[in-house]
Amino acid sequence: MSIERLKRIDDNRLEVPADYKTGMRTKGIIYVDNILEKELEEESIEQVANVATLPGIVGASMAMPDIHTGYGFPIGGVAAFDLKEGIISPGGVGYDINCGVRLLRSNFKKDTVVPKLKELIEALYNEIPSGVGSKGKIRLSPDDEEKLLLKGARWAVEKGLGDVSDLEKIESGGCLEGADPSIISQKAYERGRSQQGTLGSGNHFLEVQYVDEIYDEKIANALGLFKNQITVMIHSGSRGFGHQVCTDFIEVMERAIQKYNIALPDRELACAPFNSPEAQDYFAAMKAAANYAWCNRQCLMHWTREVFMSVFNVSPIELEMTLIYDVAHNIAKVEEHIVDGKKKKLVVHRKGATRAFPPGHPDLPVVYRNIGQPVLIPGDMGRASYVLIGTDKAMKETFGSTCHGAGRVMSRHQAIRQAKGRAIWREMEDRGIIVRAAGRETLAEEMSEAYKDISNVVEIVHNAGISLKVARLRPLGVIKG
DNA sequence: ATGTGC
């Protein structure tokens, strides 16, 4: 097994041949150019091949340029399965169910915010609960929690956190139908109760940014973006709740593979036939966790708006901090795609991959119907983030998917070692970026050098045509967990 | 990612 056995399809794609490994039902395709090809881990190639052995896989086992090794499935992976012959797997979604990103616009320009940046970041840090195991200002009764799991972001809006108009700018309207609170474990309920409305830790962040480059004027304009404008990006997920749901169902799936006699090259691929009770229970629990995450990002956004209004003493109308979009990048969804010329429903797993639906798709908000789905790609805290737009080519090639972020090049441990004796916060401040982090080692783990250059990643998906660059955002201030 | 792992 090695990289020499991969075949270059074109400048942006490598093929993992179907004979790379015994049991593969289809080939693998990895979106990398000859630069990021060098960063490919052998283990993650193996994982792309492993996914190709799963029953009912449709099309190729795919991976985006931010691929790295994950639990069973690679992070950056996209895999679609037939509803009758295929499976669903918690490892294909990931531990942080519906980890995702939302982007807010504003009427402010860089010049207005920079003089008050320290005060702003301090205020945001005080208002946004962050860090491992952090508790929020929301305390849920068991009844509240159940409603939240059914309603998603709408639950927060009904509590006065945000506006109804926010909902249409969230993927799936901020709520997946069919969540079932009755199959959530007590443990998950307990962990979820105090963590709603918290940022989390690791690569989760809240970032104040400015638009530094526009690649597509027409689309940027349609999204309400302009040069030097202040934007806010929020990257968070379903916290301990989603983590517990994943843990609970990996156990269920480990029994299911015995019961249904599914042979796997790696037990971390544990799964169940999509139409089995085990799979349907996982899917309904995953939806509950997805709804928990959308509600979480909705709460974080609301407090962000409040902080901006208070620090700059402006009204909502003056600020016009509207939601541009909210994407999920760890999720499984039933979607309609064209397979061999025919419309077919599939269960698409995106694990560290972002949906990138094209112009005209019925699932897009009416206001974006003509331009396509906004794709939000966070980079590391020192470099940049990107806004892209979904394309027809993505729909044809990748089941409407693209990359989700930079992807690590250093393990957390390696990063901590490299950062020893350095003051990362000061290095950042020297570059004009104010950072505040809850965890003692978070800044070391999250420093720029620990990640691939996001520009390289985005260049590949842009050149491959599976999403197109609209704007680049530079960080000014960051809140980390 | 995570009431962080051996």
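Here is how names work: the chains are called A, B, and so on, in the same order as the sequence lines, proteins then strands, and each is numbered from 1. No hydrogens, no waters, no symmetry mates; every other heavy atom, side chains included, goes into these values.
Among the atoms of the strands shown, none is found under 4.0 Å from any heavy atom of A:Lys135. Within 4.0 Å (heavy atoms only), A:Gly200 reaches sugar-phosphate atoms of the nucleic acid but no base atom. A:Gln195 comes within contact range of the sugar-phosphate backbone alone, with a heavy-atom separation under 4.0 Å but no base atom that close. Using a 4.0 Å heavy-atom distance criterion, A:Gly202 is classed as a sugar-phosphate-only contact.
In this entry the distance linking CG of A:Asp96 with C1' of B:dT4 reads 14 Å, nearest Å. Atom NE2 of A:His204 and atom C1' of B:dT4 are 14 Å apart (whole Å). Going from atom OH of A:Tyr95 over to atom P of B:dG5 covers 10 Å, rounded to whole Å. Per the geometry, CD belonging to A:Glu441 stands 16 Å off C1' belonging to B:dT2, to the nearest Å. Atom NZ in A:Lys480 sits about 16 Å away from atom C1' in B:dT4, given to the nearest Å. In this structure, CZ of A:Arg417 is placed 15 Å from C1' of B:dG5, rounded to the nearest angstrom. At whole-Å resolution of the value, NE2 in A:His243 and C1' in B:dT4 are 8 Å apart. Residue A:Ile416 contributes atom CD1, which lies 14 Å from atom P of B:dT4 at whole-angstrom precision.
For CD of A:Glu43, the number of neighbouring non-hydrogen atoms (other residues, nucleotides, ligands) closer than 6.0 Å is 12 at most. Counting non-hydrogen atoms of neighbouring residues, nucleotides and ligands closer than 6.0 angstrom, the NZ atom of A:Lys27 reaches no more than 12 such neighbours.
The phosphate of B:dT4 (OP1 or OP2) has no side-chain N or O of A:Arg412 nearer than 4.0 angstrom. Regarding contacts with the backbone of B:dT2, every side-chain N or O of A:Thr247 stays at 4.0 angstrom or more from both OP1 and OP2.
The existence of a salt bridge linking A:Arg408 and A:Glu446 is confirmed by a sub-4.0 Å separation between a basic side-chain nitrogen and an acidic carboxylate oxygen.
Residues A:Thr53 and A:Leu264 are not in side-chain contact: their nearest non-hydrogen atoms beyond the backbone lie 4.5 Å or more apart.
No side-chain donor-acceptor contact under 3.5 Å links A:Thr247 and A:Lys187.
Positionally, the nearest nucleotide of DNA chain B for A:Arg408 lies more toward the 5' end than for the other of A:Arg408 and A:Glu445.
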